[in-house]
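What follows is a short report on a single structure.
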Number of protein chains: 2
Amino acid sequence: MRRRSSLRISGMTSKSCSDSAPADQLLALDNQLCFALYAANRAVTARYRPLLKELGLTYPQYLVMLVLWQQDQNEPAPKVSELGQRLRLDSGTLTPLLKRLEERALIKRTRGAEDERVVRVALTPAGRALRELAVSVPERLMCGLDVDPAQIVSLRDELRSLLEVLEGAEPTAQ
Amino acid sequence: MRRRSSLRISGMTSKSCSDSAPADQLLALDNQLCFALYAANRAVTARYRPLLKELGLTYPQYLVMLVLWQQDQNEPAPKVSELGQRLRLDSGTLTPLLKRLEERALIKRTRGAEDERVVRVALTPAGRALRELAVSVPERLMCGLDVDPAQIVSLRDELRSLLEVLEGAEPTAQ
DNA sequence: TACAATTAAATTGTGCACAATATAAATTGA
DNA sequence: TCAATTTATATTGTGCACAATTTAATTGTA
């Protein structure tokens with residue numbers, strides 16, 4: 001059984017699926033969580049962009065590098081599928097992205113000897129070195145931004161809870 | 001002067017831009033608001049996808065339709081640039097998207113008579129009719145999701161505040 | 001051992017996002 | 001008046017996302 005998210009309020013099962021607000025309100029763009037999420041995500045990405053450009057990385061490439069930088073050096077290099085699980089991305093997205101990182105000599109892709117189907121992704125020395133340039137990114141991102149760090153943390157946690165609920169839920173019936 | 005967002009806590013200017021947590025923590029994927037936002041946004045979009053597929057719409061197309069459905073019929077049809085402002089998208093994104101909606105006969109793009117540069121986007125009867133099918137989407141999306149509506153609202157408002165801060169802030173120095 | 005089923009990654013095709021540039025219309029100013 | 005500038009949209013090119021399919025390797029099983 002999947003763990004309950006903190007978004008749940010005990011005894012309450014979301015909204016009763018029969019009650020409905022006026023359609024005008026339900027379909028108003030600014031009432032939608034989905035649009036707030038969509039717009040905020042792109043605004044955050046846009047704010048990262050110039051900083052990551054200095055590193056020669058796109059935003060999704062940066063996320064991949066974050067995973068690799070966090071990897072224990074003693075562990076075997078992660079598989080493409082493991083990166084995918086972590087980032088919620090499939091091979092259709094990751095394969096070309098990883099090829100670009102390999103062209104830039106930041107990573108090395110190696111087909112496994114034990115199992116010829118898997119590809120393991122390891123940092124090159126250059127990829128590891130890039131981390132030194134990246135450490136200043138989170139801080140520089142926040143600099144000049146008029147936000148309360150505590151609220152950032154709580155927003156992050158609420159988003160994680162939402163993600164957990166969404167991933168645990170049955171897919172919407174088609 | 002731009003209005004202050006509620007994310008701000010009086011007298012507090014984000015984090016002092018010199019203090020720094022250990023780099024291990026700063027760069028940890030799961031500590032990043034940006035990843036929570038990125039993953040949650042895609043998870044929400046994925047949950048919309050099967051419902052929107054019934055309408056023959058992609059998620060960004062749905063957002064455009066939300067704006068058009070909300071338009072006052074007595075007002076002149078919105079310009080491409082006005083849709084862009086509302087959705088934070090530029091013509092490079094909107095032009096092909098609107099062409100696809102026009103191919104589906106949901107909208108009509110008309111070059112302005114007063115000013116030949118502007119293109120106005122109006123619903124066709126079919127586009128207006130699609131709204132009837134769309135009204136059930138928000139509700140069906142939430143159904144079976146184990147979330148507290150009040151938390152959705154507060155999350156939405158926090159995201160709006162974040163968006164406001166980001167849009168008001170100076171761009172990050174490159 | 002054969003061979004169907006499964007698994008991992010790659011490929012293909014569509015549709016965003018967005019930077020950079022182009023085109024064409026409107027406006028401004030000498 | 002008309003060249004220069006500005007404005008609105010379109011175009012081009014790159015890089016995601018993701019569905020659907022393909023390829024190749026492995027596993028399970030008769």
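Any value given below was found using the heavy atoms of this structure, including those in side chains, with hydrogens, waters and symmetry copies removed. Values in this document were obtained by computation on a predicted structure and should not be read as measured data. In the text below, chain A, chain B and the rest are named by the order of the sequence lines, each starting its count at 1.
- Taking only side-chain nitrogens and oxygens, B:Y59 never comes nearer than 4.0 Å to OP1 or OP2 of D:dC18.
- Where B:R42 and B:T95 each meet DNA chain D at their nearest nucleotide, the meeting point lying more 5' is that of B:T95.
- Looking at heavy-atom distances under 4.0 Å, B:S91 makes contact with a base.
- In this structure, the CZ atom of A:R120 is 9 Å from the P atom of C:dA9, given to the nearest Å.
- Straight-line distance from the CG atom of A:L94 to the C1' atom of D:dG15: 13 Å, rounded to whole Å.
- Phosphate proximity of C:dC16 to B:Q61: present, with a side-chain N or O under 4.0 Å from OP1 or OP2.
- Using a distance-only test at 3.5 Å, with no hydrogens or angles considered, no donor-acceptor pair links the side chain of B:N41 to the main chain of B:V44.
- The phosphate of C:dC16 has neither OP1 nor OP2 within less than 4.0 Å of any side-chain N or O from B:R88.
- With hydrogens and angles left out, the side-chain atoms of A:Q73 and A:R128 include a donor and acceptor closer than 3.5 Å.
- Closest to the side chain of B:T58, from the set C:dA9, C:dG15, D:dT9, is C:dG15.
- Atom CG of A:L63 is separated from atom P of D:dA17 by 8 Å (rounded to the nearest Å).
- The side chain of A:T93 contributes no N or O atom lying less than 4.0 Å from OP1 or OP2 of D:dG15.
- Mapping A:Y38 and B:G112 onto DNA chain C by nearest heavy atom places A:Y38 closer to the 5' end of the strand.
- Between A:R109 and C:dA10 there is a side-chain N or O to OP1 or OP2 distance below 4.0 Å.
- Under 3.5 Å, the side chains of A:Q32 and B:R156 contain no donor-acceptor pair of N or O atoms.
- What separates CG of A:L87 from P of D:dC16 is a distance of 12 Å, to the nearest Å.
- Of the listed nucleotides (C:dA20, D:dC18, C:dA10), C:dA20 has the atom at the smallest distance from the side chain of A:K53.
- Between B:D115 and B:K79, no side-chain nitrogen of the basic residue sits less than 4.0 Å from a carboxylate oxygen of the acidic one, so the salt-bridge criterion is not met.
- For a distance-only test at 3.5 Å, the side chain of A:R117 qualifies as a donor-acceptor partner of the base of C:dT7.
- In this model, the phosphate group of D:dT11 is approached by a side-chain N or O of B:K99 to a distance below 4.0 Å at OP1 or OP2.
- Using a cutoff of 4.0 Å between basic side-chain nitrogens and carboxylate oxygens, A:E54 and A:R140 are scored as salt-bridged.
- Applying the 4.0 Å criterion to OP1 and OP2 of D:dA19, one finds that B:R49 has a side-chain N or O inside that range.
- Here A:R100 reaches the OP1 or OP2 of D:dC16: one of its side-chain N or O atoms lies under 4.0 Å away.
- The side chain of B:S81 places no N or O atom within less than 4.0 Å of a non-bridging phosphate oxygen (OP1 or OP2) of D:dA8.
- The CG atom of A:N41 sits 14 Å away from the P atom of D:dC16 (whole-angstrom rounding).
- Protein atom OH of A:Y48 is 16 Å distant from nucleotide atom P of C:dC18, rounded to whole Å.
- Protein atom CG of B:D115 is 17 Å distant from nucleotide atom P of D:dT6, rounded to whole Å.
- A straight line from NZ of B:K79 to C1' of C:dA26 spans 12 Å, rounded to a whole angstrom.
- Residue order along DNA chain D, read from the 5' end via each residue's closest nucleotide, puts A:G92 first among A:G92 and A:E114.
- B:R86 contributes no side-chain N or O that, together with a main-chain N or O of B:V64, makes up a donor-acceptor pair within less than 3.5 Å.
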